[in-house]
Amino acid sequence: MSSSSSSQPPELPLKPVPGDYGHFFFGALRDRLAYFYYEGRDKFFENRIQKHQSTVFRINMPPGPFISSSAQVICLLDAISFPVLFDSSKVEKRDVLDGTFLPSLAYSGGHRVCAYLDPSEPKHTSLKSFFLATLAARHNNFIPLFRTGLSELFNELEAKISSKKEAYFNTLCDTMSFNYVFRLLCDKNPSETRIGSKGPKLVDKWLLCQLAPLGSLGLLPNFLCLIEDLLLRTFTFPFFLVKSDYKKLYDAFSEFGSSVLDEAEKFGIERDEACHNLVFLAGFNAYGGMKVLFPGLIKWVALAGEKLHKRLADEIRTVAKAEGGVSFSALDKMVLTKSVVYEFLRIDPPVPFQYAKAKADLVVQSHDAAFEIKKGEMLFGYQPFATRDPKVFENPEEFVADRFVGDGEKLLKYVYWSNGRETEECTAENKQCAGKNLVMLLCRLLLVELFRRYDTFEVEAGMFMFAASVTFKSLTKASST
């Protein structure tokens, strides 16, 4: 196994970064079409690794012209070079959430919300401290609220399978996820507000208008791909398309999240700015993340098969019985369940892209070489390649359920899904996900409640836009509890 970049031997050869960008317009267009249509995402990176015989190289990343002023990035596609993206002493994370372009600030009330700020900016510390305090104050609600939501979700799945022989998981899961986030932050069921049952659709439209330049519907044949490309990536979508939807979300969080907003003022954050940040945290970071997270977890566990399902059910039921139910303590003792979640986050991280700009001239090392990076150059990491690095992980393309059990825990420092190493903690001074520990908890809870209730299940899985598309075909109820 390779060691961390800081302990790489100094005799690594210093090389120029291979690759070229081509013409600023036509080079970016060439790479964009290859990425989305002619090669596909993973093949796009694989082919260039082979071409340059390097996991570090220059390339153009979408959306390119006319949306972003520059599409030029330096790719970091191995476990050793990738972590420089987390090092706030070397890189800046200002306005790089969506990569090489920044959606209109109208989508966040005219504010640069916390996700767009670099840790060096004073507002970042106050906003992130506010987020961390908000989550800490609701710690005791994490498990009961989510278990309630999962019970409703599973009842819906059973009813759909009973009547239609299948159940599309994503839509039901979106409803559960939005309801959970709103209940957690606002102490209110959204069905009791003017949002009603429309919360997921309101947020989906708001998200789509911001992220459309980074995606593809995947529905058109290649010879028609230019039509989709022109529609999605010539100009950004104007905010007025979702202005009324966003106002409904803002008003709901302003009214029912008043206790949270009261706390924000103690951190020196004006109420209006705090509310726009709360909507972004709830809609983009939390709900948007869950849209990808939960279907992906279900897909990988389903594909792992019935043998793993039995092992998970045995562990979960045995520990829950011994502990007298599902608690934080019980979850910590479910080592296989925890490893399965880590393995999913390794093999298919929900946010696969990371961007940062070099603060000064620096040297980035891969396994084999060192590369000079100039101040201001954009660094880009495609995380699945870093966390499937064959020089770090054995059988990296395989889903190995117990990879992180026992001595396997030593590999957790190479799991990067949270915008940081899994072995490091989120603070107000870094860019690691504020909900890192909550994400791990909810993923484990999803598996726990699933296998307390069912012995096994079958799904059909595909991809749509940014997330796995999952349809349940069967649920076999637990033979023992």
Discussion item. Restricting to non-hydrogen atoms, name the atom on Phe142 and the atom on Tyr180 that form the minimum distance, rounded to 0.1 Å.
Written reply: O-OH, 3.1 Å
Worksheet item: Which of parallel (below 30°), tilted (30 to 60°) and perpendicular (above 60°) describes Phe399 and Trp300?
Response: parallel
Worksheet entry | Pairing of Lys473 and Glu458 as salt bridge, 4.0 angstrom limit | no
Fill in: Under 3.5 Å donor-acceptor, Ser163 side chain and Ala159 backbone
yes
Worksheet item: Side chains of Val319 and Val448: closer than 4.5 Å at any heavy-atom pair?
Response: no
Fill in: Close side-chain approach of Ile347 to Arg388, heavy-atom, < 4.5 Å
yes
Discussion item. Working to the nearest 0.5 angstrom, can you tell me the gap between Cys426 SG and Leu438 CG?
Written reply: 11.5 Å
Discussion item. Please determine whether a side-chain nitrogen of the Lys or Arg among Arg346 and Glu422 lies less than 4.0 Å from a carboxylate oxygen of the Asp or Glu.
Written reply: no
Discussion item. Salt bridge or not between Glu92 and Arg94? Use side-chain N to carboxylate O under 4.0 Å.
Written reply: yes
Item to complete: Supply the atom-to-atom distance Leu249 CG to Ser254 OG, rounded to the nearest 0.5 angstrom.
Response: 12.0 Å
Item to complete: Could you tell me whether a side-chain N or O of Asn155 sits under 3.5 Å from a main-chain N or O of Ser151, the two making a donor and an acceptor?
Response: yes
Worksheet item: Should the pair Phe280 and Trp206 be assigned to parallel (<30°), tilted (30 to 60°) or perpendicular (>60°) ring geometry?
Response: perpendicular
Worksheet item: Looking only at heavy atoms, which two atoms of Val181 and Ala282 are closest? And how far apart?
Response: CG1-CB, 3.6 Å
Worksheet item: How about Tyr250 and Asp272: does a side-chain donor come under 3.5 Å of a side-chain acceptor?
Response: yes
Practice prompt. Would you check if Ile143 and Leu441 make a side-chain contact, meaning some heavy-atom pair closer than 4.5 Å?
Written response: yes
Worksheet item: Just how far is it from atom CZ of Phe466 to atom CG of Leu207, taken to the nearest 0.5 Å?
Response: 9.5 Å
Discussion item. Given 3.5 Å as the limit, does a donor-acceptor pair link the side chain of Ser177 with the main chain of Cys173, or not?
Written reply: yes
Worksheet item: Where is the tightest heavy-atom contact between Ser329 and Glu323, given as atom of each residue plus distance?
Response: OG-OE1, 3.2 Å
Worksheet item: Okay, side chain of Arg317, backbone of Phe451: is any donor-acceptor separation there less than 3.5 Å?
Response: yes
Worksheet item: To the nearest 0.5 Å, what is the distance between CD1 (Ile373) and CD1 (Ile74)?
Response: 3.5 Å
Fill in: Whether Glu315 side chain and Val335 backbone form a donor-acceptor pair below 3.5 Å
yes
Item to complete: Look at the side chain of Lys338 and the backbone N and O of Lys333, then say whether any donor-acceptor pair between them is shorter than 3.5 Å.
Response: no
Worksheet item: Leu475 and Phe154: side-chain contact (heavy atoms from CB on, under 4.5 Å), yes or no, with the steps?
Response: CA-CA 10 Å; Leu475 281 165; Phe154 292 143; 5.7 Å; no
Discussion item. Can you classify the ring geometry of Phe267 versus Phe130 as parallel (below 30°), tilted (30 to 60°) or perpendicular (above 60°)?
Written reply: tilted
Worksheet item: Does the gap between the ring centers of Phe294 and Phe146 come in under 6.0 Å?
Response: yes
Worksheet, complete the sentence: So the side-chain hydrogen bond (donor to acceptor under 3.5 Å, both in side chains) pairs with at least one residue in residues 125-144 (sequence neighbours excluded) are Lys128-Asn430
Item to complete: Answer whether the closest heavy-atom distance between the side chains of Tyr107 and Phe237 falls below 4.5 Å.
Response: yes
Response to the item:
Value for CG (Asp332) from CZ (Arg444), rounded to nearest 0.5 Å, stands at 5.5 Å
Discussion item. Using the rule ring-ring contact (aromatic ring centres under 6.0 Å, His included), only one of Tyr116, Tyr246, Phe253 pairs with His276; which is it?
Written reply: Tyr246
Worksheet item: Is there a side-chain contact between Asp389 and Tyr414 (heavy atoms, below 4.5 Å)?
Response: no
Worksheet item: Does a side-chain N-to-carboxylate-O contact under 4.0 Å join Arg112 and Asp118?
Response: no
Return all side-chain donor-acceptor pairs below 3.5 angstrom for residues 194-204, not counting sequence neighbours, or 'none' if the list is empty.
residue : atom : partner : partner atom : Å
Arg194  : NH2  : Glu255  : OE1          : 3.1
Asp204  : OD1  : Tyr287  : OH           : 2.9
Asp204  : OD1  : Lys291  : NZ           : 3.2

Worksheet item: Just by distance, do the side chain of Thr148 and the backbone of Pro144 share a donor-acceptor pair under 3.5 Å?
Response: yes
Worksheet entry | Between Glu460 and Thr471, a side-chain donor and acceptor under 3.5 Å | no
Worksheet item: Would a 4.5 Å heavy-atom cut-off, applied to side chains only, mark Phe169 and Val459 as touching?
Response: no
Fill in: From OG1 (Thr387) to CG (Leu411), nearest 0.5 Å
12.0 Å
Practice prompt. Look only at the side chain of Arg271 and the backbone of Ser258, and say whether a donor-acceptor pair between them is shorter than 3.5 Å.
Written response: yes
Worksheet item: Which residue pairs pass the ring pair (Phe, Tyr, Trp, His ring centres under 6.0 Å) test when at least one of the two sits in residues 69-99, sequence neighbours left out?
Response: Phe82-Phe86, Phe82-Tyr416, Phe86-Tyr416
Worksheet item: Are any non-hydrogen side-chain atoms of Leu211 and Met465 less than 4.5 angstrom apart?
Response: no
Practice prompt. Look at atom CD of Glu270 and say whether more than 12 heavy atoms of other residues, nucleotides or ligands are closer to it than 6.0 Å.
Written response: no
Worksheet item: Where do Ala478 and Asp455 come nearest, in terms of heavy atoms and distance?
Response: CA-OD1, 3.4 Å
Worksheet item: Can you tell if the side chain of Arg403 reaches within under 4.5 Å of the side chain of Phe393, non-hydrogen atoms only?
Response: yes
Fill in: Shortest non-hydrogen contact between Gly325 and Ala330, atoms and distance
O-CB, 3.6 Å
Worksheet entry | Pair Leu281-Cys114, side-chain contact (heavy atoms from CB on, under 4.5 Å): steps then yes or no | CA-CA 9 Å; Leu281 174 72; Cys114 186; over 6 Å; no
Worksheet item: Which of these, Tyr382, Phe385, Trp417, sits in a ring-ring contact (aromatic ring centres under 6.0 Å, His included) with Phe353?
Response: Tyr382
Practice prompt. Grab the two heavy atoms, one from Leu217 and one from Glu228, that are nearest each other, plus how far apart they are.
Written response: N-OE2, 3.0 Å
Practice prompt. Determine yes or no for a side-chain-to-main-chain donor-acceptor pair under 3.5 angstrom, with Glu263 supplying the side chain and Ser259 the backbone.
Written response: no
Worksheet item: Between His124 and Ala428, is there a donor-acceptor pair closer than 3.5 Å when you use the side chain of the first and the backbone of the second?
Response: yes
